[in-house]
J.: 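The following block contains the structure, expressed as structure tokens.
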Amino acid sequence: EPEVTQTPSHQVTQMGQEVILRCVPISNHLYFYWYRQILGQKVEFLVSFYNNEISEKSEIFDDQFSVERPDGSNFTLKIRSTKLEDSAMYFCAVFGTDIQYFGAGTRLSVL
Amino acid sequence: AQTVTQSQPEMSVQEAETVTLSCTYDTSENNYYLFWYKQPPSRQMILVIRQEAYKQQNATENRFSVNFQKAAKSFSLKISDSQLGDTAMYFCAFTITSGTYKYIFGTGTRLKVLA
């Protein structure tokens, strides 16, 4: 059983639109992460979230991005005004027992 | 800053043969973990094996084993008795055991197992 479920599996949006990617951990976790993988490239760290606040973010994670856990369960990544270059796979991960468990990813396509 | 380097963009191996994927890393930290993740066409990230830096013994998981050389900062993955299902991208990753535990990934090696 996966530790993390991500929805949707594929999101298509128009440039300039807002998107929200969702992550639902199966059991209680404290550390949450978002990573991005542009097609054919490596997986890059975006942000870590601990105790309901951002603990670290990368230079990629600019003002267009935000994260939150609105109901204490779902962990969301919001991109306010999508750009073509935001097209990528977005992975959510949770930290448990010394390793991170990754979700299956959301493929974001910005047209 | 920590970096992870995978110098082999693509590799191929015959079914049932053995293949080794290379990974080097750079850090000034002493306590860290290293990982190999497999990413099949579905793009799910699947943990293959992990190594704690404080352990001298190389990790082994069935057909997968690592050669961890801490002084050389090298962490290679050996796949024995390669199977068609091993065809995937393989990413080496690193995290220090303090702070946020974020992962730093290498650029990946695309492995193709040939029938």
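Chain naming here is simple, since letters A, B, ... match the order of the sequence lines and numbering starts at 1 in each. Here the structure is a predicted model, which is why all the values come from computation and not from measurement.
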J.: Following the transitive rule for hydrophobic clusters with a side-chain heavy-atom cut-off under 4.5 Å over Ile, Leu, Val, Met, Phe, Trp and Tyr, establish whether B:Val66 and B:Tyr32 coincide in one cluster.
T.: yes
J.: Surrounding NZ of B:Lys78 (heavy atoms of other residues, nucleotides or ligands, distance under 6.0 Å), is the total greater than 12?
T.: no
J.: Taking side chain as everything from C-beta outward and backbone as N, CA, C, O, which of these in A:Tyr35 sits under 4.5 Å from a heavy atom of chain B? Side chain, backbone, both or neither.
T.: side chain
J.: Is it the case that one hydrophobic cluster holds both B:Ile96 and B:Tyr33, taking links as side-chain heavy atoms less than 4.5 Å apart, direct or via other members?
T.: no
J.: Between atom OG of A:Ser58 and atom NZ of B:Lys102, what is the distance when rounded to the nearest 0.5 Å?
T.: 7.5 Å
J.: A:Val94, A:Leu77: one ILVMFWY side-chain cluster at the under-4.5 Å cut-off?
T.: yes
J.: Below 4.5 Å from any heavy atom of chain A, which atoms of B:Arg43 appear? Answer side chain, backbone, both or neither.
T.: both
J.: Between B:Glu52 and chain A, with a heavy-atom cut-off of 4.5 Å, which part of the residue counts as in contact: side chain, backbone, both or neither?
T.: neither
J.: Can you establish whether the number of heavy atoms outside B:Lys70 located under 6.0 Å from its atom NZ is more than 12?
T.: yes
J.: Using modelled atom types only, decide if a donor and an acceptor are shared between the side chain of B:Tyr103 and the backbone of A:Ile99 within a distance under 3.5 Å.
T.: no
J.: Could you report the tightest heavy-atom contact between A:Glu56 and B:Thr100, atom names first, then the distance?
T.: OE1-OG1, 2.7 Å
J.: Flag yes if more than 12 heavy atoms outside A:Asp62 fall under 6.0 Å of its CG atom; otherwise flag no.
T.: yes
J.: Against chain B, label A:Gln41 side chain, backbone, both or neither, depending on which of its atoms sit under 4.5 Å from a heavy atom there.
T.: backbone
J.: Report which part of A:Tyr50 has an atom under 4.5 Å of a heavy atom belonging to chain B: side chain, backbone, both, or neither.
T.: neither
J.: As an exercise, state the distance from CD of A:Gln37 to CE of B:Met89, rounded to the nearest 0.5 Å.
T.: 7.0 Å
J.: Using non-hydrogen atoms only, which part of A:Leu39 is less than 4.5 Å away from chain B: side chain, backbone, both, or neither?
T.: both
J.: Look at atom CZ of A:Arg107 and say whether more than 12 heavy atoms of other residues, nucleotides or ligands are closer to it than 6.0 Å.
T.: no
J.: Side chains of A:Lys42 and B:Gln6: closer than 4.5 Å at any heavy-atom pair?
T.: no
J.: Hey, what do you get for OH (B:Tyr37) to CZ (A:Phe102), rounding to the nearest 0.5 Å?
T.: 5.0 Å
J.: Please say whether more than 12 non-hydrogen atoms of neighbouring residues, nucleotides or ligands are located less than 6.0 Å from CD in A:Glu85.
T.: yes
J.: Measuring from atom CE of A:Met89 to atom CE of B:Met45, what distance do you get when rounded to the nearest 0.5 angstrom?
T.: 10.0 Å
J.: Hey, quick one: are B:Phe64 and B:Val113 part of the same hydrophobic cluster, counting side-chain heavy atoms closer than 4.5 Å, chains of contacts allowed?
T.: yes
J.: Below 4.5 Å from any heavy atom of chain B, which atoms of A:Ser48 appear? Answer side chain, backbone, both or neither.
T.: side chain
J.: Around B:Asn62, counting heavy atoms of other residues, nucleotides and ligands shown, do more than 12 lie under 6.0 Å from its CG?
T.: no
J.: Quick one: are B:Thr95 and A:Phe95 in side-chain contact, heavy atoms under 4.5 Å?
T.: no
J.: With a 4.5 angstrom heavy-atom cut-off, could you sort out which part of B:Tyr101 is near chain A: side chain, backbone, both or neither?
T.: both
